[in-house]
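Computed from a prediction, not measured in an experiment: that's the story for all the values here. The basis for the numbers below is simple: all heavy atoms, side chains too, and nothing from hydrogens, waters or symmetry mates.
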Amino acid sequence: MAQLVDKQEPLTFRFADDGLVPNHPRWPMLVYPGAVPLPDDVDPAAVFAANGWGDSWRNGIYSFVHYHSRIHEVLGIARGAAELRFGGDNGKVLEVKAGDVAVLPAGTGHQRLSGSADLLVVGAYPPFGTYDLCRSPEQHAEAMRTIPTVGRPDKDPLYGGDGPLLKAWSES
């Protein structure tokens with residue numbers, strides 16, 4: 001799988017708490033543009049699974065702002081293109097296309113603003129944490145307590161044990 005991934009330094013984005021979406025207090029969202037140009041016969045989830053990120057799914061991204069307070073998430077654009085907003089209403093809008101990968105630390109808001117008809121997203125999670133879906137103001141206070149307790153993964157979902165995530169998400 002490693003030969004299918006274009007080694008690169010990620011773009012990093014930090015987002016402030018906007019009152020609805022806490023975002024992560026220390027760790028940035030990472031975006032690897034065009035990192036995984038896969039041939040049609042390769043399962044996109046296999047790249048993440050090779051680095052210990054599993055429980056994969058295939059679908060789109062919800063059109064409403066949401067985040068996960070108890071687990072990190074990787075989103076790989078397997079097919080098509082989309083306009084996504086990360087970080088909540090005051091965050092950053094990015095155009096993503098097939099081959100792009102975003103790694104979201106727990107608490108990072110995300111939503112699909114628009115997408116091509118053929119959009120296919122493959123998501124996965126590190127081997128620890130609990131999936132939850134947060135989107136209401138009532139969940140904010142508990143999320144603020146939970147997010148910092150979600151540990152750093154041992155491996156970057158694209159590059160494994162020596163990937164940029166390990167430095168970007170340092171424990172200090």
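- Side-chain contact between Gln111 and Ser63 is absent, with no heavy-atom pair separated by less than 4.5 Å.
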Test side chain to side chain contact (heavy atoms under 4.5 Å, CB included) applied to Val65 and Asp89, step by step: CA-CA 8 Å; Val65 176; Asp89 288 343; 4.0 Å; yes
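- Counting only heavy atoms from C-beta outward, the side chains of Thr12 and Met29 never approach each other to under 4.5 Å.
- Among all heavy-atom pairs drawn from Pro157 and Asn51, the shortest one is O-ND2, 3.0 Å.
- Residues Phe13 and Trp27 do not share a hydrophobic cluster, clusters being chains of Ile/Leu/Val/Met/Phe/Trp/Tyr side chains in contact below 4.5 Å.
- Rounded to the nearest 0.5 angstrom, Arg26 CZ and Arg14 CZ are separated by 10.0 Å.
- Closest non-hydrogen pair, Pro126 versus Ile71, comes out as CD-CG1, 4.2 Å.
- Side chain of His66 to backbone of His110: a donor-acceptor contact under 3.5 angstrom is found.
- The backbone N or O of Gln139 lies less than 3.5 Å from no partner atom in the side chain of Glu142, so there is not a single donor-acceptor pair.
- A side chain to side chain contact (heavy atoms under 4.5 Å, CB included) with Glu83 holds for exactly one of Leu113, Leu94, Val96; it is Leu113.
- Here Tyr131 contributes atom OH and Asp55 contributes atom CG; the two are 11.5 Å apart, rounded to the nearest 0.5 Å.
- Ring pair His68/Tyr125 is perpendicular by interplanar angle, where above 60° counts as perpendicular and below 30° as parallel.
- Here the CG-OG distance, from Asp132 to Ser69, works out to 3.5 Å after rounding to the nearest 0.5 Å.
- Remark: Arg135 is not positioned above the aromatic ring of Tyr67, lacking an NZ or CZ atom under 6.0 angstrom from the ring centre and at most 45 degrees off the axis.
- Counting all heavy atoms, side chain and backbone alike, Gly52 lies closest to Pro127 at O-CD, 3.3 Å.
- Counting only heavy atoms from C-beta outward, the side chains of Phe48 and Val101 approach each other to under 4.5 Å.
- Using modelled atom types, one finds a donor on one side chain and an acceptor on the other under 3.5 Å when comparing Asp156 with Tyr32.
- No side-chain heavy atom of Val122 sits under 4.5 Å from any side-chain heavy atom of Trp57.
- Proximity of a side-chain donor or acceptor of Arg112 to a complementary backbone N or O of Ile61 within less than 3.5 Å is detected.
- Remark: the backbone N or O of Ala143 is not paired with any side-chain donor or acceptor of Arg70 at under 3.5 angstrom.
- No chain of hydrophobic side-chain contacts below 4.5 Å, direct or via other Ile, Leu, Val, Met, Phe, Trp or Tyr residues, connects Phe15 to Met144.
- Taking every heavy atom of both residues into account, Leu166 and Gly161 meet most closely at CD1-O, 2.8 Å.
- Here the closest non-hydrogen pair linking His24 and Ala106 is CD2-O, 3.3 Å.
- Using modelled atom types, no side-chain atom of Asp100 and backbone atom of Ile77 make a donor-acceptor pair closer than 3.5 Å.
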Start with the C-alpha distance between Leu158 and Val47, add both sets of side-chain angles, then the distance that settles side chain to side chain contact (heavy atoms under 4.5 Å, CB included), and finish with yes or no. CA-CA 7 Å; Leu158 291 179; Val47 173; 3.8 Å; yes
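- Counting only heavy atoms from C-beta outward, the side chains of Arg79 and Leu119 never approach each other to under 4.5 Å.
- Put simply, the side chain of Arg58 reaches to within 4.5 Å of the side chain of Leu120, judged on heavy atoms.
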Side chain to side chain contact (heavy atoms under 4.5 Å, CB included) evaluation trace for Asn59 with Val121: CA-CA 5 Å; Asn59 204 334; Val121 180; over 6 Å; no
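- Other residues, nucleotides and ligands contribute only 12 or fewer heavy atoms inside 6.0 Å of the OH atom of Tyr62.
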Output, in order, the C-alpha distance, side-chain angles, deciding distance and verdict of side chain to side chain contact (heavy atoms under 4.5 Å, CB included) for Phe86 and Leu104. CA-CA 9 Å; Phe86 295 100; Leu104 287 60; 4.1 Å; yes
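- Proximity of Glu95 to Lys97: side-chain heavy atoms (C-beta onward) are nowhere separated by under 4.5 Å.
- The CD atom of Glu138 lies 11.5 Å from the NE2 atom of His140; values are rounded to the nearest 0.5 Å.
- Linking ILVMFWY side-chain heavy atoms closer than 4.5 Å, directly or via other members, places Trp53 and Val31 in two distinct hydrophobic clusters.
- Of all heavy-atom pairs between Leu20 and Asp18, the closest is N-OD1, 2.9 Å.
- Inspection of the Thr108 and Asn23 side chains reveals no N or O donor paired with an N or O acceptor under 3.5 Å.
- Counting only heavy atoms from C-beta outward, the side chains of Leu84 and Val93 never approach each other to under 4.5 Å.
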Verify ring pair (Phe, Tyr, Trp, His ring centres under 6.0 Å) between His72 and Trp169, making sure each step is shown before the conclusion. CA-CA 12 Å; His72 310 301; Trp169 292 9; 4.9 Å; yes
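- With hydrophobic clusters built from ILVMFWY side chains whose heavy atoms lie under 4.5 angstrom apart, Leu30 does not share a cluster with Val21.
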